[in-house]
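Each residue takes its place number in the sequence, starting with 1.
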Amino acid sequence: MSEETIIRQCAPTLAGLKTGSLFSCACTDASALREELRCWNRRLAGKGMRILPMRFADGRALIYVYRPAQLAHDLCDPDARSMLCERGYHPECSEACLAKLIRRLGECGCFPHEIGLFLGYPPEDVRGFVEHQAGGFKLCGCWKVYGDESRARETFAKYKRCTAAYHALWKRGKSVEWLAVAG
């Protein structure tokens with residue numbers, strides 16, 4: 001997995017603006033990819049970041065890049081806790097929640113609706129997505145917005161600017177480690 005892929009897919013997470021990023025990449029050898037992710041984890045550990053394989057299927061891997069401390073904080077939100085508890089999670093332990101999410105991804109082959117909580121989406125928007133069956137949203141950008149449209153527009157623009165800036169800096173020779181904000 002190239003540095004450019006990490007920059008393009010995860011810049012807001014690297015910058016500490018977003019809890020986590022999720023992307024798919026080609027994977028012909030799960031064992032080799034796991035070893036590559038171990039190397040990435042050693043490189044980014046000092047920045048308060050982790051990279052996990054979430055699922056392997058059909059020659060692809062689903063990769064989650066996240067900030068564990070930020071995830072633990074996000075899952076303490078009362079609305080997030082409520083949604084997770086409704087689905088059998090134990091939100092007091094973010095690692096256990098991740099393990100359950102990985103199981104759910106493997107069992108259903110689709111994306112459980114609560115995955116947005118692991119990406120830093122506002123809980124009101126995750127709940128809106130579930131309750132409105134993905135319809136009736138106010139805005140569609142990085143996610144479907146059911147709550148604060150103005151705040152979401154600002155966030156989407158911030159993520160776009162961050163990704164452009166990080167990619168430009170990377171093209172000028174800055175490494176992922178240099179770009180990743182300690183958190």
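Inter-residue side-chain proximity for Gln9 and Ser21 is flagged as unmet; no heavy-atom pair is nearer than 4.5 Å. The closest side-chain heavy-atom distance from Phe118 to Cys97 is below 4.5 Å. Side-chain contact between Leu84 and Leu75 is present, with at least one heavy-atom pair separated by less than 4.5 Å. Met83 has its side chain within reach of Leu117: a pair of non-hydrogen atoms, C-beta onward, lies under 4.5 Å apart. With a 4.5 Å cut-off on side-chain heavy atoms, Ile115 and Tyr121 do not count as touching.
A donor-acceptor distance shorter than 3.5 angstrom exists from the side chain of Asp148 to the backbone of Ser150, with no hydrogens or angles considered. Under the 3.5 Å distance criterion, the side-chain polar atoms of Thr155 are matched with a main-chain donor or acceptor of Arg151.
Note that Arg161 lies outside the cation-pi zone of Tyr166, set by a 6.0 Å cut-off to the ring centre and a 45° limit from the axis. Judged by the 6.0 Å and 45° rule, Lys174 forms a cation-pi pair with Trp178. Relative to the ring axis of Phe129, Lys144 does not place its NZ or CZ within 45° and under 6.0 Å from the centre.
Not less than 6.0 angstrom separates the ring centroid of His132 from the ring centroid of Phe137.
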**Request:** For side-chain hydrogen bond (donor to acceptor under 3.5 Å, both in side chains), just list the numbers for Glu35 and Ser31, CA-CA rounded to whole Å, side-chain angles, deciding distance to a tenth of an Å, and then say yes or no.
**Result:** CA-CA 6 Å; Glu35 181 56 36; Ser31 175; over 6 Å; no
**Item:** Verdict with supporting geometry, Lys138 and Glu149, salt bridge (charged side-chain N to carboxylate O under 4.0 Å, His left out)
**Value:** CA-CA 7 Å; Lys138 297 176 182 177; Glu149 184 178 351; 5.8 Å; no
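Under the 3.5 Å distance criterion, with hydrogens and angles disregarded, no donor-acceptor pair is assigned to the side chains of Thr19 and Arg67.
Screening residues 43-64 for ring pair (Phe, Tyr, Trp, His ring centres under 6.0 Å), with sequence neighbours left out, gives Tyr64-Tyr66. Counting only residues at least two apart or in different chains, salt bridge (Lys or Arg N to Asp or Glu O under 4.0 Å) contacts with residues 4-27 comprise Glu4-Arg8.
Considering Arg127, Arg81, Arg87 as possible partners of Glu114, the one that fulfils the salt bridge (Lys or Arg N to Asp or Glu O under 4.0 Å) test is Arg87.
For the residue pair Asp125 and Gly147, the shortest heavy atom distance occurs at OD1-N, 2.7 Å. Between Cys110 and Leu105, the closest heavy-atom pair is O-CD2, 3.4 Å. The heavy-atom pair separating Cys25 from Leu33 by the smallest distance is SG-CD2, 4.5 Å. Thr163 approaches Pro12 most closely through the heavy-atom pair OG1-CD, 3.6 Å.
Counted within 6.0 Å of CD on Glu131, heavy atoms from surrounding residues, nucleotides or ligands total more than 12; the atom is thus considered enclosed.
Once rounded to the nearest 0.5 Å, the distance linking OG of Ser2 with CD1 of Ile7 reads 9.5 Å. Atom CG of Leu119 and atom SG of Cys142 lie 10.5 Å apart (nearest 0.5 Å). Put simply, NE2 on His90 and CD on Glu95 are 14.0 Å apart, with the number rounded to the nearest 0.5 Å. Between the CD1 atom in Ile6 and the CE atom in Met49 there is a gap of 8.0 Å [rounded to 0.5 Å]. Note that CD of Glu124 and OH of Tyr146 are 12.0 Å apart. Values are rounded to the nearest 0.5 Å. Distance check: Leu37 CG to Ile51 CD1 gives 6.0 Å after rounding to the nearest 0.5 Å.
Between Lys158 and Glu154 no salt bridge is recorded (no basic side-chain N to carboxylate O distance below 4.0 Å).
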